[in-house]
Amino acid sequence: MIRVAVSGCAGRMGSAVVDAVRAAEDMEVVCGIDPHAPADAAFPVYPSVAEALDAHEVDALVDFTQPNVVADNLACALPRGVNCVVGTTGLSTDTLEDLAATAANDACLFYAPNFTTGAVLMMQFAKAAAPFFPEAEVIEFHHCNKKDAPSGTAVRTAQIIAEARDGRKSAAPGRETEIEGAQGARGALIDGVPVHSVRSMGYVASQEVVFGSMGQTLTIRHDSWDRTSYMPGVLLGIRSVGERSGLVVGLENFMA
Ligand code: NAD
């Protein structure tokens, strides 16, 4: 059995991870970490990662918390040799590399900006399309409680498109068509790719990548309608993280 600790176990994603791990036959939730967890959890819950790891042997720590706490959680777990599966967004690549360098016993820091297999494929399809279309824009749609904008997936998609364009710039104007009082109409420019963020009730997480060329458009769209959509990717990360060491970024590394 893979022994899993879930950090952020009372949150939207963390509680879905708890359900998914408990339903899997090859892993178990040995403890949770969350300062705001209810007292009646079916497993021991601690207010900090240090207290949890002092009390339990853990094979993998899963973290879905907040951008302002995840680094401290990882800085506690990795030097103890605990493999980490991280979905919390907001950490820079430099910070992830610094944290991975503190790992003991060849522990792995696995971070996925998006755990849905569909979003990973959407980014791979966008990479394939980018060289053939002069224009590209990203529109992402999320629930209105999301704290950051644009989403980590939208930023990563824009970066992938820019890399695949190999320096070629979009011909469509990014900002100069804006009229006074309507700044932002053309979105945020991420590596030269306009990114638009919609926040509304009714969405979990959706994204469209719209490519344009003479007389044609190509739209790649992915929808997460439920948080269960992330769980096959999280379970794949938990099963795979022990086979790797150092920093691994992106679920595609484990999708054979
Ligand atoms: P949430 O606010 O519902 O849950 C966060 C939980 O973390 C809360 O229960 C909070 O009490 C807890 N917490 C706060 N401080 C803590 C600490 N020091 N230690 C442990 N737990 C602590 O948020 P959410 O919607 O579940 O999202 C969590 C994170 O996951 C966000 O960064 C979000 O952007 C990210 N996310 C990533 C993916 C992905 O595929 N990578 C998908 C969805 C959300």
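These numbers come from the heavy atoms of this one structure, side chains and all, not from hydrogens, waters or symmetry mates. Start at 1 and go down the list; that is how both ligands and their atoms are numbered.
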**Complete:** Looking only at protein heavy atoms, what sits closest to atom 4 (O) of ligand 1 is Gly11 CA, 3.3 Å
**Message:** Any nitrogen or oxygen of Arg12, side chain or backbone, less than 3.5 Å from one on ligand 1?
**Reply:** yes
**Request:** State whether the shortest distance between N or O atoms of His36 and N or O atoms of ligand 1 falls below 3.5 angstrom.
**Result:** yes
**Prompt:** Taking atom 34 (O) of ligand 1 as the point of reference, which of Asn68, Val45, Thr89 owns the nearest heavy atom?
**Reply:** Thr89
**Option whose closest heavy atom lies nearest to atom 31 (C) of ligand 1, chosen from Val70, Val69, Thr65, Asp34** = Thr65
**Asked** Given that the side chain starts at C-beta and the backbone is N, CA, C, O, which of these parts of Asn73 lies under 4.0 Å from ligand 1, counting heavy atoms, or is it both or neither?
**Response** side chain
**Message:** Could you tell me, atom by atom, which parts of ligand 1 come under 4.0 Å of a heavy atom of Ile33?
**Reply:** 19 (N), 20 (C), 21 (N)
**Message:** Counting only heavy atoms, tell me which of Gly233, Pro113, Ala205 gets closest to atom 39 (C) of ligand 1.
**Reply:** Pro113
**Item:** Ring centers of Phe110, Phe254 separated by less than 6.0 Å
**Value:** yes
**Item:** Pair Ser92-Asp94, side-chain donor/acceptor within less than 3.5 Å
**Value:** no
**Prompt:** Can you tell me which residue and heavy atom of the protein come closest to atom 13 (N) of ligand 1, and the distance to 0.1 Å?
**Reply:** Pro35 CD, 3.9 Å
**Request:** Report yes or no: is the cationic atom of Arg221 (NZ for Lys, CZ for Arg) under 6.0 Å from the centre of the six-membered ring of Phe141, at an angle within 45° of the ring normal?
**Result:** yes
**Request:** Measure the distance from atom 30 (O) of ligand 1 to every protein heavy atom, then report the residue, atom name and distance (to 0.1 Å) of the closest one.
**Result:** Phe64 CD2, 3.4 Å
**Asked** Any salt bridge between Lys146 and Asp148, counting N to O under 4.0 Å?
**Response** yes
**Message:** Any salt bridge linking Glu137 with Arg186? Criterion: basic side-chain nitrogen under 4.0 Å from a carboxylate oxygen.
**Reply:** yes
**Prompt:** Where do Gly14 and Val6 come nearest, in terms of heavy atoms and distance?
**Reply:** O-CG1, 3.7 Å
**Request:** Look at atom 42 (C) of ligand 1 and say which protein heavy atom is nearest, naming residue and atom and giving the distance to 0.1 Å.
**Result:** Tyr230 CE2, 3.4 Å
**Request:** Identify the heavy atoms of Cys9 and Phe43 that sit nearest to each other, and give their distance.
**Result:** SG-CE1, 4.2 Å
**Asked** So which of Arg227, Gln66, Met13 gets nearest to atom 27 (O) of ligand 1, if we judge by its closest heavy atom?
**Response** Met13
**Request:** Indicate yes or no: does an N/O atom of Pro47 lie under 3.5 Å from an N/O atom of ligand 1?
**Result:** no
**Prompt:** Would you call the rings of Tyr46 and His56 parallel, tilted or perpendicular, where under 30° means parallel and over 60° means perpendicular?
**Reply:** perpendicular
**Item:** Options Ala52, Gly87, Gly152, ranked by nearest heavy atom to atom 35 (C) of ligand 1, top entry
**Value:** Gly87
**Electrostatic pair Arg199-Glu140, nearest N-O below 4.0 angstrom** = yes
**Request:** Please assess Gln207 against Thr157 for the test side-chain hydrogen bond (donor to acceptor under 3.5 Å, both in side chains), listing each intermediate value before the final yes or no.
**Result:** CA-CA 10 Å; Gln207 179 168 292; Thr157 306; 2.9 Å; yes
**Prompt:** Just distances here: any N/O of Phe115 and N/O of ligand 1 closer than 3.5 Å?
**Reply:** yes
